[in-house]
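The structure presented is a predicted model; accordingly, all values stated were derived computationally and were not measured. Hydrogens, waters and symmetry mates are skipped; everything else that's a heavy atom, side chains included, is used.
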Amino acid sequence: MATVDAGAAGPGALTRERSGRTRAGRLLHAARGLLRALLDGARVLPEAEPAEIRRLLIETGHLDPGALPGVRPVALARFQHEAGLPETGAADPRTVSRLAAEAARIRELRELGLPVD
């Protein structure tokens, strides 16, 4: 590892490695890579199983059981709007999580004999 002479550059001189990056630069580079991987992860995850999404949309009252498959994205976008999510019509992980939670809430209300709002 090469270093900068502290006497010539002052006491706060940064050490550089063979790659030419400082330790702080390496850490920043790694942090950026991790953040990019986390954000890109949502783009590479496959959409949830269409049959499961259809069942959840029916259970929550957002889709008619006799509806054609092409109506599912519209029903999903309507649910996303009601849930305050981006209205993409795609079953991304965040949407599926909210949809499953809403279906569980409705199921629990029905089991308790309470009205579903």
Side-chain angles (χ1 to χ4, degrees):
M1 177 158 81
T3 60
V4 176
D5 181 9
L14 297 174
T15 59
R16 293 192 180 272
E17 296 185 352
R18 290 181 191 162
S19 67
R21 283 198 177 128
T22 64
R23 176 178 241 174
R26 265 190 18 248
L27 290 173
L28 183 60
H29 180 74
R32 271 189 271 179
L34 178 61
L35 183 60
R36 188 174 297 121
L38 289 172
L39 294 175
D40 286 345
R43 293 185 205 136
V44 297
L45 289 173
E47 187 172 287
E49 185 67 37
E52 177 67 10
I53 297 304
R54 179 179 173 80
R55 183 189 66 75
L56 291 170
L57 286 168
I58 291 169
E59 191 172 350
T60 59
H62 289 89
L63 185 66
D64 183 82
L68 296 173
V71 179
R72 185 183 62 88
V74 175
L76 198 52
R78 188 171 59 245
F79 170 78
Q80 289 169 326
H81 174 76
E82 291 172 9
L85 299 169
E87 298 172 43
T88 62
D92 59 79
R94 195 167 161 200
T95 299
V96 174
S97 177
R98 289 272 188 92
L99 187 58
E102 178 64 11
R105 184 186 74 80
I106 289 172
R107 222 175 295 121
E108 186 175 341
L109 288 173
R110 286 185 180 144
E111 287 172 4
L112 294 171
L114 298 172
V116 177
D117 47 9

Residues forming a side-chain hydrogen bond (donor to acceptor under 3.5 Å, both in side chains) with E108, sequence neighbours excluded: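 Not a single residue meets the side-chain hydrogen bond (donor to acceptor under 3.5 Å, both in side chains) criterion with E108.
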
Sequence-distant partners of S97, side-chain hydrogen bond (donor to acceptor under 3.5 Å, both in side chains), two or more places apart: none

Testing the basics here: between [X] and [Y], what is the closest heavy-atom pair and its distance to 0.1 Å?
X: R110; Y: V116; answer: CG-CG2, 3.8 Å
X: A103; Y: L56; answer: CB-CD2, 3.5 Å
X: A75; Y: L63; answer: CB-CD1, 3.9 Å
X: L76; Y: G89; answer: CD2-O, 3.5 Å
X: P73; Y: G70; answer: CD-O, 3.3 Å

What distance separates [X] [atom1] from [Y] [atom2], expressed to the nearest 0.5 Å?
X: T95; Y: L85; atom1: OG1; atom2: CG; answer: 5.0 Å
X: R55; Y: T60; atom1: CZ; atom2: OG1; answer: 10.0 Å
X: E52; Y: L57; atom1: CD; atom2: CG; answer: 10.0 Å

In one Ile/Leu/Val/Met/Phe/Trp/Tyr side-chain cluster, 4.5 Å: L99, V71: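 Yes, it is one cluster - the side chains of L99 and V71 are joined through contacts under 4.5 Å.
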
Under 3.5 Å donor-acceptor, R98 side chain and G84 backbone: no

Heavy-atom donor-acceptor pair, R54 side chain to E49 backbone, under 3.5 Å: no

R78: which of Q80, E82, H81 passes side chain to side chain contact (heavy atoms under 4.5 Å, CB included): E82

